[in-house]
Each structure stands twice: as C-alpha cells, then as structure tokens.
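Numbers restart at 1 for each chain; the letters A, B, ... are given by sequence-line order, proteins then strands. Treat the numbers as computed from the prediction; the structure is a model and nothing was measured.
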Number of protein chains: 2
Amino acid sequence: MGLRHAVLAALLDGAATGYELSKNFDVGMAEFWHARRQQLYAELTKLEQAGLVSGREIIQQGRPNKRVQSLTEAGRAELAEFAATPSDPQFLRDDLLVKAYAVDVTDGSALIDQLAQRAEQSQIKIARLDRVLARLSGNDEDAFLADAERIGPYLTAVRGRMFEEETIRWCTWAMQVLRKRQGGTPDN
Amino acid sequence: MGLRHAVLAALLDGAATGYELSKNFDVGMAEFWHARRQQLYAELTKLEQAGLVSGREIIQQGRPNKRVQSLTEAGRAELAEFAATPSDPQFLRDDLLVKAYAVDVTDGSALIDQLAQRAEQSQIKIARLDRVLARLSGNDEDAFLADAERIGPYLTAVRGRMFEEETIRWCTWAMQVLRKRQGGTPDN
DNA sequence: CTACACATGTAAACGGTTACATGATTAT
DNA sequence: ATAATCATGTAACCGTTTACATGTGTAG
C-alpha cells in the first residue's frame, strides 16, 4: 500500500485538512512522495471509513468549511504494522535516464541542455532542503539527533539532500563526457 | 509517456521479442525501469499498431513461435523527439522513507533491520553493476567514453551505481543515529 | 480588476500489478 | 519427477493523472 501510509505518516505532524496535507506533500514529504489534492481527499475519505483517521467538521465564516483529520489509535497501529513489514527494493524510473540510455542515436546537445537544467533544479531543491534541515535541527545537529522527540522528517530530508547532490554530480560528469565527445569528433 | 519510450530505447540494443525485452528490463534497464512481461506485450502491440516498431513472426520447431520487434524509422523519430522535450523533475517514492519519516512513533529496531537489509541489497546491486560496467568499457574507461559508439547504457549504469552507493551511505548513517538514540536512552 | 489563497470534491482516462491460461523442451 | 526456460497473451483490479466544477476573501 502506498499513499495510505504516506498520509498516515504525514498526520504525525499534527491534525490537518486535505488542503493542508496537499501542501505538506509539496514541502515536508516532497522529496519522496507527491500526491494531488484530489487523491488526498479520496484517500482521507477511505481512511476515515476504515477508522484510521477521524475527521471533525469546522464551520467557518467567509470561507469554505473544512474537515480536520487526525490519526486515531487504529491509524497509529496500522502505521506501526506497516513500519515493521519489509519493504521492496526500489528503483529510479526517470525520463532523463531513458534519454541518456538513448543518447547515441539522438541529439547529444539536447541531452546536455536537459542535464544542465536538471542540475539547476537540484541546486534549488538543495537550498530549500538546507532551510528545512536548519529549521528542524537548529545549529547543533548532533544534539538534535541525539535528543529530539521527532527526527523522522530530518532523516528523510537528509536522504533527499544526498539524492539531489548525487544528481548534480552525475549530471556534471555526464555533461563532461558528452562535451568531450562533441569536441573530439568535429567530423560529425 | 513512460513505458513507451523506455521500450523504444531498449530496442536500440537490437531487435528483440517481448520475452527477451522483459529480461533486458531486469538487467540493462533494471536500475531505472521495471516492467512486467504482460505490460511489454501490450506495449509492443500498441507500438506496432502505431508503426513505431515492426514485428516479424518467426516459426520455430519444438518451441513456441516468436515475434521479433525492431525499431522503425518512425520509432527512431519518436524517440528523438522525446529526447528533445524537457523532463519533469523526479523524486524518490520509497516505502523505506515513509517508514523513516514515521520512526518516532514506531519501532526503531524494526527500521534498523530494514535499513541493514536495504544496504545489503544495494551492495549486491553494486556488484552486478560493476560487472555490467566492466563488460561495457573493458579496462580503459576514458578511452571507452571517448570513442565507443554506444555509451548510453554506460551512463545510466553509472547513475545506478551512484544511487546504490548513496543508499548505503544513508542507511549506514541513519542506523548509527538510531542506535545511538537507543543506547543513550535506556529508560524507554 | 486580476490573481491568488482558501476549501472540497466528481468523472474519465491512463498506467501498472496480480492472477490466470497454455504447452513443449531441457536440465537436475 | 520436478523445475526452469521458452513464448505469448487476457481479465480484473487498483493507483495516479488530468480535466472539470464551485465560490468567497484578500492582496497587488
């Protein structure tokens, strides 16, 4: 099961509406999970029916009413059970890699452009993640990791940061390789 | 479009049957794309109808007939166009990260076990990728990258290797953090 | 007056996984 | 005998994406 447990995990940060969750899925969990708003609403409906979250309607003036969802005990239990079952190994699945695989019969310059663009995007993500990490840990990472009540989001943000850095490293290397080839064979 | 272009890219390595492709998707493209056999047969049917691949029936004795698919010019053109259009930024989507995110309210030891297991799996993948890389490049990587006709599969295998190494580094670090916490707070 | 934030949903289409079906040959 | 390899598919299901639908309040 996928989104189900991601939603339950997100609700550990506190009760939230579908609308609020959809933002957290663009920030806190953004590195490892995306979900559209519609999907979250649908999932929350299912989770509520299953008793894993409980929703409270909040009537508002001047703006639409909202439904705040919080984890139930059953939800926590479900999450704990999920955490204890082994995970499948994962893989990348990235369009850019398909393009790299095909580079020998396609336009190398186009790939170089996309590698540069991807590296830039990763740089931006790193800057954002650094702010997230600093906000979570303050200025003493070791102390934070040793004592804080909640380190899960920090662990995942670190993974995200490593991933983005690795992406930049690979893009840079691949660009170098491709540029050398273009420069070295002016006959084409 | 996803699988569509992954299949076209895989066919750059030569004409193949759905059955053969499904193996290549377990080896050459394994780092960045998985596909079930059924999915490949379905996709090849669609691609053939669209004229992007052309199949030739081969009658065999003593074993089932097979249908060898090869890229058409239209298929190459489609792949080139795909390679030239910008890619969406990607992300991870990994159960293990959801579990890490939730670690503060679940069983830390269970996560440590899974981190260890993941690190082992990555180690195995690295060994396999090293064989792939060595087979592709021979003993002189620089010369290979400068002169070889086909370097796409090498570029992607390198990305896969980096990714697995990074996975191990993160797992090791996270395990250390979690172990220190368990050791340091014997009151729980 | 334009755009964005708040707030929740439905419907259709697409993509991927799981289960089922068939049947000969070859290796242990 | 048993299992694996060769070889292709269908059907049902579930998860995700895209498009559509609605309406107020606030900031530029």
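The OH atom of A/Y19 sits 14 Å away from the C1' atom of D/dT22 (whole-angstrom rounding). Rounding to whole angstrom units, CZ of residue A/R4 and P of D/dT16 are separated by 12 Å. At whole-Å resolution of the value, CG in B/N65 and C1' in D/dT8 are 10 Å apart. When the C1' atom of D/dG9 is taken as reference, atom CZ of B/R36 falls 16 Å away, rounded to whole Å. Following rounding to the nearest Å, B/L40 (CG) and C/dT18 (P) show an atom-to-atom distance of 15 Å.
Contacts between residues 44-58 of chain A and DNA chain C, defined by a heavy-atom separation under 4.0 Å, are absent. Of the residues in residues 21-32 of chain B, those placing a heavy atom less than 4.0 Å from an atom of DNA chain D are B/K23, in numerical order.
Considering only side-chain N and O atoms, B/Y41 lies under 4.0 angstrom from the phosphate OP1 or OP2 of D/dT8. Residue A/Q60 places at least one side-chain N or O closer than 4.0 Å to OP1 or OP2 of C/dA7. Between B/R67 and D/dG9 there is no side-chain polar atom (N or O) within less than 4.0 angstrom of OP1 or OP2. For C/dG15, the OP1/OP2 oxygens have no side-chain nitrogen or oxygen of B/Q39 closer than 4.0 Å.
Residues B/P86 and A/K99 share a closest heavy-atom pair of C-NZ, 3.7 Å. When all heavy atoms of A/A83 and B/A110 are compared, the pair lying nearest together is O-CB, 4.3 Å. The two residues B/L3 and B/W33 have their closest heavy-atom pair at N-CZ2, 3.5 Å. The minimum heavy-atom distance between A/A9 and A/R150, with the atom names listed, is O-NH2, 4.2 Å.
Applying the salt bridge (charged side-chain N to carboxylate O under 4.0 Å, His left out) criterion to A/R67, with sequence neighbours excluded, gives A/E48, A/E57.
Residue-to-nucleotide proximity on DNA chain C shows that, of B/A35 and A/K66, the 5′-proximal contact is made by A/K66. Each of A/T17 and B/Q38 lies near DNA chain C, and the nucleotide nearest A/T17 is the one positioned closer to the 5' end.
Annotation: B/N139, atom CG; neighbour count of heavy atoms from other residues, nucleotides and ligands within 6.0 Å does not exceed 12. B/Q60 CD: more than 12 foreign heavy atoms inside a 6.0 Å radius.
Counted by atom type alone, B/E31 and B/T156 present zero donor-acceptor pairs between their side chains at under 3.5 Å.
Side-chain proximity of B/W33 to C/dG16, C/dA7, D/dT17: nearest is C/dG16.
Evaluation of the ring-ring contact (aromatic ring centres under 6.0 Å, His included) test over residues 117-138 of chain A, restricted to residues two or more places apart or in two chains, returns none. Listed by first and then second residue, the ring-ring contact (aromatic ring centres under 6.0 Å, His included) pairs involving residues 104-144 of chain A are A/F144-A/Y154 (not counting sequence neighbours).
Residue A/E164 forms a salt bridge (charged side-chain N to carboxylate O under 4.0 Å, His left out) with just one option from A/K125, A/R159, A/R128, A/R118, and that option is A/K125.
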Dump the pairs, protein N or O against N or O of nucleotides 21-28 of chain C, anything under 3.5 Å, distances to one decimal.
none

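By the 30° and 60° cut-offs, the orientation of the rings of A/Y101 relative to B/F32 is tilted.
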